[in-house]
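Down below is the structure, laid out as structure tokens.
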Amino acid sequence: MTTMQTQEIVTAASALLAKSSVPELRSLRVDEESNELQLHGNVRSFYHKQLAQEAVLPVAGSLQVVNHVDVRN
């Protein structure tokens, strides 16, 4: 996968989260490293952590989604 394709995936994943109806997901950060699409940030529930992961799966392509989002009450 080229750098351009990878950047397009990161941009698409970030856009999906930015448009989320769940306000907490809008502040999450998306990065790519070592063929992984990584999610970073904080949410208040495990459910929101899973929502973030599921939201980016359709655009992840061949990148593995790694969810580094922390759940904080």
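Atoms CD and NE2, from Gln53 and His68 in turn, are 11.0 Å apart once rounded to the nearest 0.5 Å. Here Lys49 contributes atom NZ and Glu54 contributes atom CD; the two are 13.0 Å apart, rounded to the nearest 0.5 Å. Note that CZ of Arg26 is 13.5 Å distant from CG of Leu16, once rounded to the nearest 0.5 Å.
At least one side-chain heavy atom of Glu32 sits less than 4.5 Å from a side-chain heavy atom of Leu63. Contact of the Leu51 side chain with the His48 side chain is registered, since non-hydrogen atoms from C-beta on lie closer than 4.5 Å. In this structure the side chain of Gln50 never reaches within 4.5 angstrom of the side chain of Tyr47, judged on heavy atoms.
Both Val69 and Ile9 sit in one connected hydrophobic cluster of ILVMFWY residues. Membership requires side-chain heavy atoms under 4.5 Å apart, directly or through other members. Cluster membership for Val65 and Val71, using ILVMFWY side-chain heavy atoms within less than 4.5 angstrom, is shared. Under the 4.5 Å side-chain heavy-atom criterion for Ile, Leu, Val, Met, Phe, Trp and Tyr, Leu17 and Val59 are members of distinct hydrophobic clusters.
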Chi angles and distances behind the side-chain contact (heavy atoms from CB on, under 4.5 Å) call for Val10, Leu37: CA-CA 7 Å; Val10 170; Leu37 189 66; 3.9 Å; yes

What's the verdict on side-chain contact (heavy atoms from CB on, under 4.5 Å) for Leu28 and Leu39, showing C-alpha distance, side-chain angles and the deciding distance? CA-CA 7 Å; Leu28 298 179; Leu39 303 177; 5.6 Å; no

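Side-chain N or O atoms of Glu24 include one that pairs as donor or acceptor with a backbone N or O of Arg44 at under 3.5 Å. Formation of a donor-acceptor pair under 3.5 Å by the Ser34 side chain with backbone atoms of Glu36 is not found in this model.
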